[in-house]
Student: 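There's a structure below that I have some questions on.
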Amino acid sequence: MTIIFLGAPGAGKGTQAERISEKLAIPTISTGAILREAIQEETSLGKLAKSYMEQGALVPDDVVIGILRDRISREDCGKGYILDGFPRTLVQARALKNMGAKIDKVVNIHVPDEKIIERMSGRRVCLECGSSYHVRYKPPRMENQCDKCGAALQIRKDDLPEVVKNRLAVYHEMTAPLEAYYAKEGLLVNVEGQEELADTTKLTQKALMIE
Ligand code: AMP
């Protein structure tokens, strides 16, 4: 099964993608996580992506399309995969189609902007292994320490309030049009993001008919 998660930054699509990925035993591909890793490793891709990401802007289409093309051609994607954070523009959506990707469903997680700003201020990430937490909604077992690898948790620079506002504006302008694009293809299912992550997971599973 191949699934795309759409939704504003901070809508919780990453967490839902991880859960569905475990349930279906298929990989989640997060272009954001791939780019953060490149920044951490100071590769040429990382150097290029850094300035865009720190401002809350999108990394150029050709760059992310190239990353995605390489990633989905790997063997572990043979039985399907989940896309978290790609596509983010119509150009990327069309490129994905041209790569021959057969998408089964597009899950659009909707959360109002005010709620997103509140959520993102509490988000913490592990830069070592990519795990993500929230001080209120998904706290780590030990304060400020990653459950999976024990590293100290950090606030992403792009989760700072002024950057979040910019990311939301970019989302509404560049990514929200994908809702209509995938609705027209008959693939879109809408899920209202709930206060409790587990409730959103139930709704997501129902929408995907994998309860
Ligand atoms: P995310 O972790 O998905 O919220 O992504 C973090 C940041 O990485 C975004 O704000 C963008 O700067 C960049 N990014 C991730 N995926 C894409 C994409 N598909 N297209 C352009 N930029 C992206």
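Both ligands and their constituent atoms are indexed starting at 1 by order of listing.
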Student: For D84, is at least one N or O under 3.5 Å away from an N or O on ligand 1?
Tutor: no
Student: For ligand 1, find out whether one of its N or O atoms is nearer than 3.5 Å to an N or O atom of T31.
Tutor: yes
Student: Give a yes or no on whether a salt bridge exists between E185 and K97, defined as a side-chain N under 4.0 angstrom from a carboxylate O.
Tutor: yes
Student: With a 4.0 Å cut-off on N to O distance, would you call D158 and R156 a salt bridge?
Tutor: yes
Student: Using a 3.5 Å cut-off on N or O atoms only, is R36 in polar contact with ligand 1?
Tutor: yes
Student: If the threshold is 4.0 Å, N to carboxylate O, is there a salt bridge linking E162 and K165?
Tutor: no
Student: With a 4.0 Å cut-off on heavy atoms, is A57 in contact with ligand 1?
Tutor: yes
Student: Quick one: does ligand 1 sit under 4.0 Å from the side chain of V170, the backbone, both or neither, non-hydrogen atoms only?
Tutor: neither
Student: So is there a nitrogen or oxygen of A33 less than 3.5 Å from a nitrogen or oxygen in ligand 1?
Tutor: no
Student: Under 4.0 Å, heavy-atom basis, I'd like to know which part of L58 is in contact with ligand 1: side chain, backbone, both or neither.
Tutor: both
Student: Should the pair D61-R94 be classified as a salt bridge under the 4.0 Å nitrogen-to-oxygen rule?
Tutor: no
Student: What atoms of ligand 1 come closer than 4.0 angstrom to any heavy atom of Q92?
Tutor: 18 (C), 19 (N), 20 (N), 21 (C)
Student: With atom 3 (O) of ligand 1 as the reference point, say which of R88, R156, M120, Q55 has the nearest heavy atom.
Tutor: R88
Student: Between ligand 1 and S30, is the shortest N or O to N or O distance under 3.5 Å?
Tutor: no
